[in-house]
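Chain letters run A, B, ... following the sequence lines, proteins first, then strands; residues in each count from 1. Keep in mind that this is a model prediction, so the values were computed, not measured.
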Protein chains: 2
Amino acid sequence: MIDFKELLKEHGIPPSLQRIKILEYLHNFKTHPTADMIYQALVDEMPTLSKTTVYNTLKAFAEKGVIVELSLFENEVRYEYNTTPHIHFKCIKCGKIYDISKTFKCLKDEKIEGHKVSEHHINLKGICKSCLENAKG
Amino acid sequence: MIDFKELLKEHGIPPSLQRIKILEYLHNFKTHPTADMIYQALVDEMPTLSKTTVYNTLKAFAEKGVIVELSLFENEVRYEYNTTPHIHFKCIKCGKIYDISKTFKCLKDEKIEGHKVSEHHINLKGICKSCLENAKG
DNA sequence: TACATATTTGTTATCGTTACAAATAAGGAA
DNA sequence: TTCCTTATTTGTAACGATAACAAATATGTA
């Protein structure tokens with residue numbers, strides 16, 4: 001069981017109830033949600049929750065490296081709990097985003113053609129396994 | 001000298017003046033522009049040009065594979081003339097996008113963990129060579 | 001408990017994009 | 001060429017995601 005309060009403190013973020021809940025959600029549901037999805041998921045439990053808070057919180061988390069901001073495809077921003085770098089696959093049929101376990105040589109903190117790399121994203125797009133099987137049947 | 005009129009026809013797109021000009025721009029300026037940048041660049045020469053036309057045209061081009069839609073970072077859509085797959089680097093300081101010439105094994109048309117890949121993007125983010133040098137001085 | 005500060009909230013504004021219908025242009029047939 | 005049908009373009013209005021802002025609330029500390 002992770003102490004999210006402690007984890008936020010370690011990243012220099014004062015742990016408010018809203019921040020803890022949002023971080024908890026991102027940790028428990030690895031669905032790469034948008035800001036709005038997170039808001040919708042939490043607003044029942046926290047009726048006074050504001051979207052602005054969700055946006056502000058996600059921004060702060062991303063800046064401090066607690067989570068990662070993904071700009072996968074189609075102009076939509078998604079968020080995920082910061083784990084080891086991995087490949088993302090987005091299905092153009094069902095819209096689902098998969099984590100690919102295959103590892104890759106991450107260029108983070110290296111230099112390429114003189115540019116210093118701080119983030120390295122690999123994004124795939126196509127038809128997912130599940131949609132391929134449905135199409136067959 | 002490329003015959004853009006012919007090129008559009010080959011892709012099944014009837015070549016209007018607007019379409020030719022937009023394609024020409026994307027071919028001549030490899031700056032990964034946004035739709036708005038393209039509009040701003042062309043509106044002087046074509047005063048009646050509409051933004052809707054630019055958006056519609058870019059969408060049609062991307063669907064037919066004439067250009068590629070890039071969702072690099074920060075929720076912004078950019079476009080580039082369709083060339084061979086390559087790595088993109090975006091500078092977080094100056095915002096410029098660089099093409100990295102280093103090649104990579106593209107997974108296009110292959111399967112990974114059961115998913116069929118149709119697009120393969122590698123996006124880097126960091127401080128570009130030019131900004132690094134400026135910071136030193 | 002009280003205070004100063006940080007956070008949250010709700011509203012409003014902004015930006016990129018899309019929907020839509022009217023105006024215009026283009027291409028083919030007579 | 002001229003007419004006619006169809007596709008394209010245009011301009012406006014609407015939309016959704018995000019950000020700005022100030023007021024309200026909560027927080028941590030003395």
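Across residues 4-34 of chain B, not one residue has a non-hydrogen atom less than 4.0 Å from an atom of DNA chain C.
Atom-to-atom, NZ of A:Lys51 to C1' of D:dA19 comes out at 13 Å; the value is rounded to the nearest Å. Across the protein-nucleic acid pair, A:Met46 atom CE and D:dA26 atom P stand 11 Å apart, rounded to whole Å. Rounded to whole angstrom, the span from the CG atom of B:Leu58 across to the C1' atom of C:dG16 amounts to 13 Å. Across the protein-nucleic acid pair, B:Asn56 atom CG and C:dT18 atom P stand 8 Å apart, rounded to whole Å. We find that NZ of A:Lys59 is positioned 15 Å from P of C:dT7, with the value rounded to whole Å.
Under 4.0 angstrom from either OP1 or OP2 of C:dG10 there lies no side-chain N or O belonging to A:Ser50. Using a 4.0 Å cut-off, no side-chain N or O of B:Thr52 falls inside it from OP1 or OP2 of D:dG11.
In terms of position on DNA chain C, the residue among A:Leu49 and B:Val77 whose nearest nucleotide sits closer to the 5' end is A:Leu49.
Proximity of the aromatic rings of B:His120 and B:Phe104 is defined here by a centroid distance below 6.0 angstrom, and this criterion is met. Residues A:His32 and A:His88 bring their aromatic ring centres within 6.0 Å.
Checking C:dT17, D:dT18, D:dG11 against every side-chain atom of B:Tyr55, the shortest atom distance belongs to C:dT17.
Taking a cutoff of 4.0 Å between a charged side-chain nitrogen and a carboxylate oxygen, B:Lys51 and B:Asp36 qualify as a salt bridge. Under 4.0 Å is where a charged nitrogen must lie from a carboxylate oxygen, and between A:Lys90 and A:Glu76 at least one such pair does. Taking the charged nitrogens against the carboxylate oxygens, B:Lys129 and A:Glu113 have no contact shorter than 4.0 Å, which rules out a salt bridge. Checked for salt-bridge contact, B:Glu45 and B:Lys21 meet the test: a charged N lies under 4.0 Å from a carboxylate O.
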